[in-house]
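Heads up, the thing below is written out as structure tokens.
This one's a predicted model, so the numbers in the text were calculated from it and none came from an experiment. Lettering follows sequence order; numbering is per chain, from 1.
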Amino acid sequence: MAYSTSGIAGLAFAALTAVFLPVLVGSQWVLIFTSTACFALAAAGIGLMYARLNMVSLTQVGLMGVGGWVTLRMNHGLGLPFEFNLLAAGVVTAAFGMLLALPALRMRGLYLALITLMSAGGIEIVLSTFRFPNGGEGFWGVMPSVAAPFRRPVLAIEDGAYLRYAIVVSTLGMLLIELHRRGAPGRAWAMIRRSEAAAMASGVNVTLYKAWAFALSGLLAGLAGGLLAGSIGLLDAATFRAPESIMLFALAVVGGAGSWPGAVIAAILYRVLPALFNDWGLNPDLALVIFGAALLHAIMTAPEGIAGQIRAALPRWAK
Amino acid sequence: MIELEKLTVKFGGVTALDHVSARFEKPVSGIIGPNGAGKTTTMNVISGFLRATGRVCVDGVDLGGLSPHRRTRWGLRRCFQQEQIADDLSVADNLQVLLDALPGTRTEKRADLDSALDVTGLSARADTPASELNTYERRLTDLARCLVGRPRLVVLDEPAGGLGPSETAHLGDLILSIAVLTGAQTLVIDHDVDLISRICEQTLVLDFGRRIACGETAAVLEDPKVRAAYLGIAEEGA
Amino acid sequence: MLEVADLTVRRGSKTVVSGVGLAAERGKVLAVLGANGAGKSELVLAMAGMLPVQSGEVNVDGRSIRGLAPDQIRKAGIAAVPEGHRVLTQLSVEDNLRAAASILPAGQVDAALSDVYELFPELSERRKQLAGTMSGGQQQMVAIGHALMSRPSFLLIDEMSLGLAPLVVKRLAATVRCLKDKGVGIVIVEQFAEVALSLADRAMVMRLGKVAFNGPAEQLRMSPEALHAAYFEGTSTGGR
Amino acid sequence: QDKPRCGAGNGTAATGAPIKVGGIFGNAAPGDFSSATDAAKAFFDCVNASGGIHGRPVQYMIENDQWNPELAGQAASKLVRDEGVVAMVGNASFVEMSVNAPLYARENIMAMASGCAVSECFESSSIVSTNQGPLASSVGAAIYAVEELGAKNISCIGLAIPSVGNWSCGAVEEYMASKGLAGSSVLLNPAAPDVNSGLLEAIASGADTMLVNLPAGLAIAVLGSAKEQDIRDTYKWISSTPLYDRSVPGALGEYWDGAMFVNAELTPFDGTGPDNVHWLSVMDAYAKAEDPRDTFSQAGYLSAKFFTQMLEAMDPGDIDVRAKVTAAIKAIAGYRSDLICGPYYVGEVDRHMPNHAGTMVKVSGAGFEVVRECYEYEGPYFAPLIEAEKKFGLR
Amino acid sequence: MPAKIVGLFVVSGLAVGSLYALGGIGLVVLYRATGVLNLGAGAIGAFSVMLAWQLDVRGWPAPLTWLAAIGVATGLSLIYGRLIAPRLAWRDPVVKAVATLGLALIVLGVTAFLWEDDVRKFSLPTDEVGVTILGLRVTVTRLIVACAAVAIVVGISLFLAWTRVGLQMRSLANDRDLSALLGVPILRVETQAWGIAGAIAGFTGLMFGDLVRLEPTIITFLVIPCIAAAICGRLHSLGLVLVGGLSIGVIESLMTLSPTFKSVRSMAPFVIAALVLMWMQRGRRPLFAGDQ
Ligand SMILES: Nc1ncnc2c1ncn2[C@@H]1O[C@H](COP(=O)(O)OP(=O)(O)OP(=O)(O)O)[C@@H](O)[C@H]1O
Ligand SMILES: Nc1ncnc2c1ncn2[C@@H]1O[C@H](COP(=O)(O)OP(=O)(O)OP(=O)(O)O)[C@@H](O)[C@H]1O
Ligand SMILES: [Mg+2]
Ligand SMILES: [Mg+2]
């Protein structure tokens with residue numbers, strides 16, 4: 001497999017952040033960056049579907065909720081180690097994403113986006129009605145008192161170590177995307193993006209490969225949700241509302257879909273920027289205005305996303 | 001041998017194909033007809049993109065139940081009226097997509113791909129992103145895709161559309177070589193009568209979804225019905 | 001008079017039309033020829049206001065139309081048929097044609113419509129069909145119909161005969177002659193020299209974005225060698 | 001100019017090394033709980049201006065969780081870990097407590113909250129609040145309806161959130177059952193446009209009394225729907241504290257005048273007790289004019305006041321030692337104020353709800369009228385609390 | 001279940017459903033005319049109803065406050081339509097839709113900043129008058145919503161189908177570039193479309209503010225269930241949007257009767273929209289790039 005400059009830069013970036021971030025910033029920012037790593041992974045899933053297949057998922061944050069739910073459910077229900085719970089979250093969410101894909105397979109463009117938005121709306125209602133398991137009895141596992149303890153990975157009990165852990169998992173997730181992109185699925189996706197008819201005429205099983213993209217993106221969302229659950233120890237339905245999914249998609253476009261810097265930028269805009277606003281004591285309503293304006297500005301002026309602009313500014317890095 | 005048996009396709013009230021039957025035995029055959037006669041529709045039926053009543057048999061195999069991508073795996077190749085190559089893949093990867101879906105070892109596929117690029121003269125452009133190709137190179141890439149993976153039947157929809165005379169001539173030679181190189185039978189739709197009469201031994205003529213003639217190309221083109229409906233030289237015959 | 005002077009168009013980092021000049025007169029047909037990738041389509045799009053122009057001038061009867069929005073250019077009397085039979089896929093054939101008559105006074109639309117239907121009876125049979133479901137050639141007819149609907153003084157047609165049956169090409173050729181007689185200035189952009197040259201008064205050949213030949217169509221019609229020299233020079237695979 | 005004085009200070013502004021105290025509130029659309037921390041801040045400013053605690057000023061740092069659990073966790077991390085505050089005071093949020101309770105327990109820090117709204121807040125060993133929350137307030141309203149209005153069957157219309165609606169309406173049902181009466185719950189999704197079918201569901205339950213246990217906006221929508229149906233006189237109408245707000249009578253309109261009974265978690269905000277008067281004067285002197293003077297504001301003031309009182313009683317040398325402060329907070333017992341009906345205490349227990357007695361008011365004209373003075377709530381939920389109070393010698 | 005109770009729930013559901021329908025119709029009108037699905041419509045409505053409330057508190061005569069609200073909504077919509085939408089015109093429909101989230105955030109942020117969280121109520125004189133249908137009292141305001149929904153459906157459908165500007169709007173929504181080439185006066189037509197859509201958004205905001213509740217966040221994000229109604233009409237048929245919205249309302253309301261489903265009845269719009277989409281797409285074959 002050929003090594004690209006951007007790939008090496010990505011690994012270097014991941015290594016540097018994993019090594020230095022936890023020692024350089026305070027514990028508040030360790031948590032912020034952990035969230036950022038989780039959302040970067042989820043945004044990478046959005047970017048994968050959008051850049052490779054022109055398919056829009058407006059339910060990615062909702063799917064993170066599903067992953068988080070599974071992680072918490074497993075954590076409180078069974079005594080298994082974190083890695084196992086995380087993997088289960090990924091797999092279940094991937095299956096869930098695939099299920100979503102079934103009605104969506106015949107759709108494109110706005111319709112597809114809207115059906116995913118509808119599922120985001122549905123997930124929001126279910127999560128806010130039944131809440132996340134916190135160690136209670138029964139299937140939903142909700143009890144009124146303070147949540148039972150969450151078992152983080154043995155290697156990453158401390159917040160700093162957990163940040164490193166999240167960065168590593170996110171990097172692995174992005175490598176998984178890259179692996180797909182360079183192989184047969186990547187070629188099949190490119191063909192489907194050109195036209196489904198042409199893809200079929202090329203012998204590509206369009207249904208399978210589209211469902212596969214949904215599943216892969218779901219897997220990443222599930223992992224991201226599981227990681228997020230581990231960061232806080234519990235989750236709240238408010239994090240996974242449908243508008244958040246739209247927002248993460250918008251930021252994935254602004255960041256630059258289809259490249260790792262794009263996903264990282266999206267997550268930074270999504271989590272670090274508001275945290276900064278909050279830190280500066282900016283009125284949250286005004287922060288919303290600035291955020292909305294920045295979103296519009298970026299969508300208008302950076303068609304390739306901010307990552308694309310950076311790439312253009314650094315010609316040496318191209319490809 | 002390609003056998004079309006009583007193909008009928010309806011879109012709402014419009015009958016795009018009306019009990020069309022034909023049998024193509026020559027290595028390269030053509031389908032011509034006025035605009036909207038149902039040529040593309042016929043091709044869509046053969047390649048499985050449209051459901052029709054009737055039967056499509058190739059070399060004795062009934063393709064009826066197969067979905068388009070299975071037909072491709074079986075050995076059917078098609079080019080669309082507007083070329084459909086993926087801009088974000090290189091020329092070689094545009095061919096590789098097809099091979100990905102087929103059985104075979106890596107080295108076999110590589111050899112297959114190289115020879116297809118060689119025949120079409122695209123070897124030098126193998127690693128060029130398709131977005132940088134010009135119209136003709138895009139056509140050639142599309143055609144090269146029909147050469148890989150042991151095709152049995154190749155169907156081309158207006159392959160010479162938008163090409164200049166010399167390009168058309170070159171393309172005609174390439175089409176003729178398909179049968180020689182791969183043993184596949186080829187069906188060509190085009191409005192360029194010169195091209196059709198040069199490369200197709202046999203031709204089917206459609207009009208308003210009905211077969212109006214079928215047979216030796218030269219003979220068909222002399223048929224007064226064809227001349228009237230297609231070439232617009234009715235006055236001489238009448 | 002539609003005049004283009006020293007027109008340069010870039011796409012990304014590539015100059016696709018460089019320093020091209022042409023003049024189309026009312027009642028005359030100009031054929032623009034050239035191999036694949038010569039920049040003919042870009043020239044047409046730029047004249048129609050669909051592509052930004054880097055430098056140069058486009059004038060109609062001495063008035064500059066460079067930089068105007070496409071609908072303004074159409075208002076100035078220039079109708080372009082872009083390559084690739086583009087139609088309003090979700091609208092019926094009739095709505096397609098009516099939409100294209102936006103600049104006509106409401107009273108003249110029906111007359112224009114019946115002119116187009118007369119030229120393309122195929123369309124008249126399918127007024128209610130969605131344009132996106134038409135066959136390739138039928139869409140090309142709609143696209144040409146679009147341009148005719150606005151009763152232009154200058155008509156630019158890119159790849160006029162693409163995908164059309166010989167019968168229809170003949171009909172179109174007759175229409176072009178008729179329009180020419182009515183005083184419309186026509187620019188036909190073609191790969192395929194034969195039809196265009198048979199109609200044209202003047203011809204221009206483009207190669208790699210530049211003008212390689214400009215003169216009476218006669219000259220090329222008479223001497224295939226001259227045509228070949230201007231046109232097919234280079235490789236048969238077209239590109240660079 | 002005679003500004004109010006707070007704490008035991010000597011009247012000159014405090015100068016020593018600051019005592020770091022944290023507070024987290026939630027403010028983002030659609031709700032703003034910042035009045036609790038605003039009041040606590042006003043009180044601490046007053047303390048600092050009045051001489052501080054043992055001569056040292058309080059450095060009160062507040063963070064907004066914007067109803068986002070991640071932000072809540074980050075805010076707590078910043079205050080507790082990075083800033084090293086000795087205690088949290090005045091917290092008011094829907095999410096902060098559930099997220100941070102484990103952290104507070106791990107870091108051995110106490111949160112003297114003022115705006116608890118979810119069950120986790122009351123059922124934690126390291127959080128204690130001056131307000132009552134939806135459970136106590138709803139039960140309080142139900143008790144009033146049963147005892148004074150003759151309610152036999154109460155339908156509790158709550159939020160479809162397990163730790164809020166199910167929890168609090170569940171306690172109302174339990175209370176009704178304990179009295180041999182009927183009770184049921186109707187749960188509404190917070191964002192649902194359709195409150196009418198919720199109301200119809202409550203009607204279909206056969207209730208004679210409607211207990212509106214919702215945030216004010218949603219509650220007003222439900223009551224608007226009831227007005228549309230003109231069913232004011234068919235049922236008895238009671239509500240938990242959210243409707244005890246100065247803007248509510250105006251928003252409800254004349255229709256509900258005299259027909260809506262609301263439970264107040266603290267004593268009425270226009271009361272004449274010394275603490276109530278002092279609260280208002282501190283707010284006037286140290287808070288912004290537009291900061292609301294509402295129940296949460298009272299609760300924030302009260303938490304800050306009790307915290308100050310507790311620190312003043314501590315050995316000055318121990319004030320910077322978080323464990324000592326935590327121990328001292330846990331030792332609080334029997335603090336009193338006219339803002340709350342009962343004694344305030346903390347104790348080493350794993351649920352805290354010192355405030356479980358309230359007042360009942362009725363919408364009257366443009367304001368409220370007290371219909372029942374301080375009364376203590378009863379019911380199965382409060383039994384263990386009363387048990388604990390006996391142990392602490394408070395009864 | 002006694003028929004009377006079911007009747008109550010059906011009428012109540014129709015009342016809510018007409019709100020979904022009204023919201024959905026507003027979205028579809030703009031979509032059909034410009035190809036933009038405006039997620040900011042709710043926020044614009046929220047701002048305008050807050051403004052109407054504020055002016056009412058200031059003592060303005062009621063009809064003037066309504067006019068001001070609708071006028072401001074039209075203005076906001078026009079600002080976006082003139083300044084921002086054209087610069088995104090060449091992007092995917094999805095990106096255009098998502099960009100309007102930026103509009104929603106800006107307008108919501110400003111609204112929330114100007115009107116701090118407080119208890120408010122907006123009411124119209126028509127709230128006081130009502131008729132009883134199947135045992136449920138229905139105020140005239142609700143009847144106005146239903147009638148307005150029908151009137152807009154009929155009016156806009158006729159407008160799009162029969163007028164020149166209507167045709168130009170449809171052509172624009174289908175392919176903006178080509179329309180420009182064909183001589184459709186893009187800016188003028190788009191301005192008209194955004195203006196009409198803004199006025200509808202303002203009216204919808206007033207109705208939501210009265211009948212749902214006067215909370216900007218709630219009104220802003222009601223746009224999502226309204227999209228469900230829009231989907232039922234394939235973002236195209238206004239009549240079906242109306243039917244879809246009403247059906248969603250009724251089904252959601254009737255779900256209250258089931259102990260199992262009542263807690264998740266708010267899912268009704270999403271589930272129904274997904275089912276409708278699936279049904280619409282049944283047996284559909286993949287097409288070429290660019291086809292919707
Ligand atoms: N989805 C559809 N709905 C209605 N009519 C259709 C549809 N698809 C095709 N048709 C009609 O079927 C007829 C046959 O179309 P087809 O594309 O096969 O023509 P063609 O012979 O390929 O013509 P051309 O040479 O112009 O490409 C045309 O009249 C066309 O309008
Ligand atoms: N979007 C684009 N970005 C960059 N280059 C482009 C783009 N579109 C076209 N080109 C290049 O511009 C050049 C001129 O193309 P154009 O389509 O005008 O040629 P043409 O003479 O019309 O040829 P054809 O007969 O194939 O239509 C070609 O080399 C083409 O590769
Ligand atoms: Mg065809
Ligand atoms: Mg061209």
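A side-chain donor from one of C:S64 and C:E57 sits under 3.5 Å from a side-chain acceptor of the other. C:S102 and E:R164 share no side-chain donor-acceptor pair at under 3.5 Å.
A donor-acceptor contact shorter than 3.5 Å is absent between the side chain of C:T8 and the backbone of C:Q54. Using modelled atom types, no side-chain atom of E:R32 and backbone atom of E:V29 make a donor-acceptor pair closer than 3.5 Å.
Ranked by heavy-atom pairs under 4.5 Å with chain E, the list C:R98, C:R74, C:R86 is led by C:R74. When the candidates C:A99, C:G49, C:A80 are compared by the number of heavy-atom contacts under 4.5 Å with chain E, C:A99 comes out ahead. Your options are C:D95, C:L45, C:I103, and the one with the most heavy-atom pairs under 4.5 Å with chain E is C:D95. Most heavy-atom pairs under 4.5 Å with chain E, from the set C:A106, C:G132, C:A69: that is C:A106. Residue with the most contacts toward chain C among E:L172, E:I186, E:D175: E:D175 (heavy-atom pairs, distance under 4.5 Å). Most heavy-atom pairs under 4.5 Å with chain C: of the set E:D177, E:L178, E:L187, this distinction falls to E:L178.
Here the CG atom belonging to C:L130 is positioned 9.5 Å from the CG atom belonging to C:N96, to the nearest 0.5 angstrom.
For a residue to count as touching a neighbouring chain, one of its non-hydrogen atoms must lie under 4.5 Å from one of that chain's; by this rule C:V87 touches chain E with the backbone only.
For E:R87, the CZ atom is loosely surrounded, since the number of other residues' heavy atoms within 6.0 Å does not exceed 12.
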